[in-house]
Amino acid sequence: MFTRVRAVWRDALALLFALGDRRTPAGAKLLAALALGYALLPLDLLPDLTPVLGLADDALVVPGLLALAARTLPGDVLNRARERSLQMQRRLPWVVPALVLVLLIGMVLLGWAFWRALGA
């Protein structure tokens, strides 16, 4: 189980590194931006307040878009990005969980601010 989770973290970080490469196609950058936007925006296909299904669409759409973005990368760009990802994870194993925590806190704060703006 942990090997699968590590592979997902490696590939997510690798995609981030690949987006900074000039050889990355615009389509991959667009798909990654769509995934990020879908994850951060409060509008979903199914509202998050819907039990189980509200969060399930996020768990399916975002990784799906990221997987499509990774498939459009040239092989040498993806391999180099994966190498950089592994190097960073060996040097700083806490970086990826810390990034996820920061993103989650940011999403909660953004949702709270949005909720306050609607209520005011």
Side-chain angles (χ1 to χ4, degrees):
M1 167 129 176
F2 286 115
T3 57
R4 180 68 182 144
V5 171
R6 283 187 184 158
V8 169
W9 288 125
R10 182 200 66 211
D11 288 345
L13 191 57
L15 184 60
L16 182 65
F17 285 135
L19 293 177
D21 194 319
R22 285 185 273 148
R23 298 173 293 170
T24 300
K29 291 180 181 183
L30 178 65
L31 286 170
L34 285 172
L36 180 64
Y38 188 83
L40 294 179
L41 288 176
L43 303 174
D44 287 336
L45 293 175
L46 296 170
D48 287 340
L49 298 175
T50 307
V52 180
L53 294 177
L55 296 175
D57 72 328
D58 290 339
L60 295 173
V61 172
V62 173
L65 287 172
L66 292 177
L68 283 173
R71 282 184 166 211
T72 62
L73 293 174
D76 56 334
V77 171
L78 185 58
N79 290 336
R80 176 66 183 131
R82 281 183 174 163
E83 288 174 17
R84 288 181 63 195
S85 173
L86 286 172
Q87 288 172 358
M88 178 174 274
Q89 286 179 1
R90 282 188 204 116
R91 281 185 278 150
L92 302 169
W94 53 268
V95 168
V96 175
L99 284 175
V100 169
L101 182 63
V102 167
L103 284 174
L104 286 174
I105 291 171
M107 288 187 336
V108 167
L109 290 175
L110 184 65
W112 177 77
F114 186 72
W115 183 262
R116 291 280 309 225
L118 287 178

Would you call L15 and L66 a side-chain contact if the rule is heavy atoms closer than 4.5 Å? yes
One pair to check against side-chain contact (heavy atoms from CB on, under 4.5 Å): R84 and R80. What are the steps and the verdict? CA-CA 6 Å; R84 288 181 63 195; R80 176 66 183 131; 3.6 Å; yes
Any chance CZ of R71 has more than 12 other-residue heavy atoms, nucleotides or ligands included, within less than 6.0 Å? no
Side-chain heavy atoms under 4.5 angstrom apart, residues restricted to Ile, Leu, Val, Met, Phe, Trp, Tyr: same cluster for L30 and L78? yes
Under the criterion side-chain contact (heavy atoms from CB on, under 4.5 Å), I'd like the reasoning laid out for F17 against R82: C-alpha separation, chi angles, the key distance, then a yes or no. CA-CA 8 Å; F17 285 135; R82 281 183 174 163; over 6 Å; no
Run the numbers on M107 and L104 for side-chain contact (heavy atoms from CB on, under 4.5 Å), then give the verdict. CA-CA 5 Å; M107 288 187 336; L104 286 174; 3.8 Å; yes
Can a donor-acceptor pair be found, under 3.5 Å and without considering hydrogens, that links the side chain of T24 to the backbone of A18? yes
Shortest non-hydrogen contact from A81 to A14? CB-O, 3.1 Å
Once you round to the nearest 0.5 Å, how far does CD1 of I105 lie from CG of L109? 7.5 Å
Distance from L103 atom CG to L110 atom CG, nearest 0.5 Å? 11.5 Å
Which heavy atom in A28 sits nearest to a heavy atom in T72, and how many Å separate them? CB-OG1, 3.1 Å
Please walk me through it: do L73 and D21 pass side-chain contact (heavy atoms from CB on, under 4.5 Å)? CA-CA 10 Å; L73 293 174; D21 194 319; over 6 Å; no
